[in-house]
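Heads up, the thing below is written out as structure tokens.
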Amino acid sequence: YTADPAPMVYGDTLYLYVTHDEDELLNDFYTMYDWHCFSTKDMVNWTNHGKIFSLDDISWAEDRAWAPQCVERNGKFYLYCPVHKKDGGMAIAVGVSESPTGPFKDLGYPLVDEGDWNYIDPTVFIDDDGQAYIYWGNPKLYYSKLNDDMISLNGDIQVTDLSHGFAPNEEESKYTEGPRIHKRNNKYYMLYASHGVPEKLSYSVRDSPTGPWTWGGVIMDQGNGTAFTNHPGLIEVKGRSFLFYHNQKNVSGGGYSRSTAVEEFTWNADGSIPFIKSTDNGV
Ligand code: FUB
């Protein structure tokens, strides 16, 4: 079972980084030890690269190999991964590699480390001016600039409040977790899991990478086998647009036995993201 999809395009290839729900569930909670990668050039034929990074590679981590994202800079690949530390709390590890499929080497220490539950689900991007940003968190959205080395913060950690009711119904826009930043036509789209649990997918939009954000709308609601969590992985590749997410539709699937899925979509003419149905036709 795979979840929390984070696609990345490098060259002519789409790499999909995912978490891994173990077949055997322990303590009736997420049982997740490693991250896997798949790649494709055509969205039809996929290569399974298997396990590309794991808790065993992070000496200071003990559990919860949760939602990652990989980005490339100057020929190096940086895999940002939330983990539970041996001395308690969640933090974000960074694995560095010369190749998109690893092996990734841990820094040896957390990039961000608050010592509690909130520091999960990093999303990272490099703006056109070269400035990199990292965003993360549940139930608040934190962010910081990254230095060019991609492994150190540039400045203080900031909090963006995405929960202050831009939508007609405040619950509609409530940020929960799983952010994914995407830039298109000079607009910054912040996609995220919303509404608390069970989660929908929503987005906010702005002409600055640091907000303040304006409510965009719901992208995917619950139903048709979605799990109580969901996770948006929006990507544009070769002139096509895709939303990766996860559901519980695989054999014996459930909230802790999830599967990655994808829907192709077309942007609305005004640049908004359409409502995207979880279908039975996707991968
Ligand atoms: O997969 C573990 C956690 O569940 C992720 O970090 C969250 O986004 C949610 O999907």
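Counting convention: from 1, in listed order, for ligands and their atoms alike. In this chain, residues are counted from 1 in sequence order. This one's a predicted model, so the numbers in the text were calculated from it and none came from an experiment.
Looking at R64 against ligand 1, nothing comes within 4.0 Å, counting heavy atoms.
With hydrogens and angles ignored, the 3.5 Å screen pairs no side-chain donor or acceptor of N147 with any backbone N or O of D149. Distance alone, capped at 3.5 Å, is enough to place a donor-acceptor pair between the D21 side chain and the R258 backbone. Judged by distance alone, with hydrogens and angles left aside, the side-chain atoms of D270 form a donor-acceptor pair with the main-chain N or O of S272 at under 3.5 Å. Put simply, the side chain of S259 never gets that close to the backbone of S257: no donor and acceptor are under 3.5 Å apart.
Of the protein's non-hydrogen atoms, the one nearest atom 1 (O) of ligand 1 is D4 OD2, 2.5 Å. For atom 8 (O) of ligand 1, the nearest non-hydrogen atom of the protein is D121 OD2, 2.6 Å.
Atoms of ligand 1 lying under 4.0 Å from at least one heavy atom of Y30, given by number and element, are 2 (C), 4 (O). Atoms of ligand 1 lying under 4.0 Å from at least one heavy atom of E177, given by number and element, are 7 (C), 8 (O), 9 (C). Against a heavy-atom cut-off of under 4.0 Å, H231 is close to the following atoms of ligand 1: 8 (O). For ligand 1 and M32, the ligand atoms under 4.0 Å from any heavy atom of the residue are 1 (O), 2 (C). Near H246, with a cut-off below 4.0 Å to any heavy atom, the atoms of ligand 1 are 10 (O). Interface of A67 with ligand 1, defined as ligand atoms under 4.0 Å from a residue heavy atom, comprises 6 (O).
Not a single heavy atom of E199 sits closer than 4.0 Å to an atom of ligand 1.
Residues F265 and F275 place their aromatic rings such that the two centres sit no closer than 6.0 Å. Checked against a 6.0 Å centroid threshold, the rings of F77 and Y10 count as neighbours. Outside the 6.0 Å centre-distance limit, the rings of Y143 and Y133 are not counted as a close aromatic pair.
Selection from Y192, Y256, W66, F29 by nearest heavy atom to atom 2 (C) of ligand 1 gives W66.
The two residues P5 and H246 come nearest to each other via the heavy atoms CD-ND1, 4.2 Å.
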